[in-house]
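Order of appearance sets the numbers: ligands from 1, and atoms from 1 within every ligand. All values below were derived from every heavy atom in this structure, side-chain atoms included, with hydrogens, water molecules and symmetry-related copies excluded.
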Amino acid sequence: MQLRVLGSAAGGGFPQWNCNCPNCDGFRRSSIAAQPRTQSSIAVTDNGQDWLLVNASPDVLTQIRANPELQPARAVRDSAIAAVLLMDAQIDHVTGLLMLRERHSPLPLLATPEVLSDLEEGFPITRVLSHYCGVKALPLQPDGGLQDVPGLPGLQVRPVVLSSKPPPYSAFRNHPRPGDNIGLVIENPASQTRVFYAPGLGEVTPFLMELMATCQIVLVDGTFWSDDEMQRFGLSKKTATDMGHLPQSGPLGMIAHLDRLPAGVRKILIHINNTNPILREDSAERALLAGRGIEVAWDGMDLFF
Ligand code: MLT
Ligand code: MN
Ligand code: ZN
């Protein structure tokens, strides 16, 4: 089983088009050691031919160009993307659906009923797409155990409910529902090895700690280093917590939780905001992560399990 990181940045990407924070400005001036990153998406395959796209990033066309495996050229119109699965209805995870509209058949789309309803009403992408390829909605039932993925028989997924926030445009922004945000266990049925993927994670519950301890790799929310990161740069009034993201630092932060996982679990941060100091390869924060065996995902990173 192969997992390819297509986009390791949070919404906006890195550098972000209108941002001159020390990271974005430093990257443009070549004064910092950092890699550019596209917006949040991964792809998974068990046969190297057919892939499940997890999140459809606004950068999906760039990501397809950067990953030739996604265009196997078996027919005059072709794609290796067999289905799309969404973790939530955030702009950085769904806008790429519009870029896939030239398909000749409805796009198989796995998402919770809550996410499908936001995409029908608040940001009506599926209604718009009905005038192009259309979607074949395949509702995910979180916390119901392992599910098959149509078209990808060698792969099973287990969606789990997470505490986070629906998008700002959602009618439910201030009244989150279970199913607005999911994490995903991706399992190789042959070896029963598992990856846990959760790019937006507001709270690590005891249930999630137990679940992550059963996985070989955890790929989790690396959005912000500190809760007031956006405020300190004068970029937003919102804290990480307001946005549904658990910051990495602090006694109750993501690092403290990852530290408690069994030694064999590979720990990787993903969905990294452009303000986060861990993007700088020579930063003290990056050294702190390395000292604890925590990796930072990059575009093109491959994980085999
Ligand atoms: C988030 O996860 O909070 C998003 O990256 C925000 C956005 O896309 O604007
Ligand atoms: Mn996001
Ligand atoms: Zn920035």
[Y] versus [X], side-chain donor and acceptor atoms under 3.5 Å:
X	Y	result
T126	E120	yes
S40	H93	yes
Q39	D59	yes

query = Using 4.0 Å as the upper bound for N to carboxylate O, is an ion pair formed by D118 and R177?
reply = yes
Is there side-chain contact between [X] and [Y], with at least one heavy-atom pair below 4.5 Å?
X	Y	result
S8	D299	yes
V54	M87	yes
L184	L85	yes
L97	L86	yes
L269	I278	yes

Nearest neighbour in protein (non-hydrogen) for [atom]:
atom	answer
atom 9 (O) of ligand 1	G11 CA, 4.6 Å
atom 6 (C) of ligand 1	Q90 OE1, 4.0 Å
atom 4 (C) of ligand 1	D92 OD2, 3.8 Å

ask   = Do any N/O/S atoms of D88 come under 2.8 Å of the Mn ion (ligand 2)?
value = no
request  = Report yes or no: does H271 have an N/O/S atom closer than 2.8 Å to the Mn ion (ligand 2)?
outcome  = yes
query = Can you tell which of N23, N274, T275, N273 makes a side chain to side chain donor-acceptor pair (under 3.5 Å) with Q16?
reply = N274
request  = Could you give me a count of protein N/O/S atoms that are under 2.8 Å from the Zn ion (ligand 3)?
outcome  = 4
inquiry  = On a heavy-atom basis, I'd like to know which of K165, H245, Q16 is closest to atom 1 (C) of ligand 1.
reply    =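 Closest candidate by heavy-atom distance is H245.
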query = Are H93 and ligand 1 in contact, using a heavy-atom cut-off of under 4.0 Å?
reply = no
inquiry  = Quick check: of its N, O or S atoms, which one does D92 have closest to the Mn ion (ligand 2)?
reply    =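 Closest to the Mn ion (ligand 2) among those atoms: OD2.
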